[in-house]
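All residue numbers refer to positions in the sequence shown, counting from 1.
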Amino acid sequence: IAGITGFVELAGKKITATNLVNKGNVTHNGESVFTNVAGIVANYCRANLTNCSNSGTISLGASAKVGYANVGGILAVGVSLDTTTLDNCDNNGEIIVNPDISITAEKNINVGGVVANSAGKCIIKNCDNTKTIQTNGILAGDSSSGALIGGICAYASSTLTIEDCTNSGAVQYNNATEESTSSYIR
């Protein structure tokens, strides 16, 4: 679920999305094992995002039942065999995550001010997060539960480059606050 599009892919071709703006709130309160929630794009394959911005609140609500989730101000999860670039993309909307993560044994959530999960080579440059990322109720008490939280990017499974990016929003987890571009909570 996203403010602009849920999924982007064009038969193996690289797509460039430019000047996309979301001003509406995006809220997921449903039930699913895998969930992607974002201001601009929930999930993409082989795409570049340029000059995109979100000012709506992005939330994974208290009634959402999820097992694995990616929540991002601009992008929830990006998968690419090529290098993907997010350039001059700004998140100016709060991100609030309060889910019930009771569905699966592996309860992981990635929450990023710009990108939640980069599953491929990714360059994030000239991007900013200006609002608070607030996460509560993620750990359910077993050792396989956890959260990766970052002001710019929460998780990258391959090569990640962050250039000239700023996080000025607080990164909050259960009453603890850390002002940073990357936080690891597990």
Side-chain angles (χ1 to χ4, degrees), residues 1-9 17 20 22-47 49 52 54-80 84 86 89 91 93-120 122 124 129 131-158 160 169 171-174 182-186:
I1 181 173
I4 301 295
T5 185
F7 185 75
V8 175
E9 180 178 27
L20 302 178
N22 177 57
K23 296 180 180 180
N25 296 338
V26 179
T27 302
H28 174 64
N29 279 315
E31 183 172 322
S32 60
V33 175
F34 297 98
T35 300
N36 297 315
V37 184
I40 302 297
V41 178
N43 189 339
Y44 75 76
C45 295
R46 294 184 162 185
L49 299 176
C52 298
N54 171 63
S55 59
T57 297
I58 309 302
S59 62
L60 188 59
S63 61
K65 295 180 182 279
V66 300
Y68 182 84
N70 296 296
V71 182
I74 300 296
L75 172 67
V77 62
V79 179
S80 182
T84 295
L86 282 83
C89 295
N91 178 53
E94 289 187 334
I95 299 174
I96 303 167
V97 179
N98 295 302
D100 172 353
I101 57 167
S102 59
I103 288 182
T104 65
E106 184 176 301
K107 304 168 189 91
N108 292 304
I109 296 180
N110 300 313
V111 184
V114 177
V115 176
N117 183 346
S118 170
C122 184
I124 304 171
N129 175 60
K131 295 292 184 178
T132 298
I133 300 169
Q134 178 183 341
T135 55
N136 300 301
I138 292 175
L139 295 178
D142 90 34
S143 61
S144 66
S145 301
L148 300 172
I149 306 165
I152 300 298
C153 183
Y155 176 76
S157 63
S158 188
L160 173 67
V171 177
Q172 299 176 339
Y173 177 77
N174 287 344
S182 63
S183 298
Y184 176 76
I185 299 171
R186 184 89 175 163

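To the nearest 0.5 Å, atoms OH (Y155) and CG (N70) are separated by 10.0 Å. To the nearest 0.5 angstrom, T135 atom OG1 is 8.5 Å from I109 atom CD1. Here the CG atom belonging to N25 is positioned 7.5 Å from the CD1 atom belonging to I58, to the nearest 0.5 angstrom. One distance of note links CD1 of I1 with CG of N43; it measures 14.0 Å at 0.5 Å rounding. The distance from the CD atom of Q172 to the CD1 atom of I133 is 9.5 Å, given to the nearest 0.5 Å.
Considering only heavy atoms from C-beta on, Y68 comes within 4.5 Å of N117 through its side chain. Looking only at side-chain heavy atoms (C-beta outward), I124 and C153 come within less than 4.5 Å of each other.
In this view, A42 and A2, N36 satisfy the side chain to side chain contact (heavy atoms under 4.5 Å, CB included) rule, not counting sequence neighbours.
Exactly one residue among V115, V41, I4 makes a side-chain contact (heavy atoms from CB on, under 4.5 Å) with L49. That residue is V41.
The environment of CZ in F34 is sparse: at most 12 heavy-atom neighbours from other residues, nucleotides or ligands sit within 6.0 Å.
The two residues C122 and L86 make their nearest non-hydrogen contact at SG-CD1, 4.1 Å. For the residue pair N91 and I74, the shortest heavy atom distance occurs at N-CD1, 4.2 Å. Taking each heavy atom of G120 and S157 in turn, the nearest pair found is N-OG, 4.0 Å. Contact between K131 and E94 at its shortest, heavy atoms only, is CB-N, 3.7 Å. The two atoms that bring N129 and I152 nearest to each other are N-CD1, 4.2 Å, heavy atoms only. Across G30 and H28, no two heavy atoms sit closer than the pair N-CE1, 3.4 Å.
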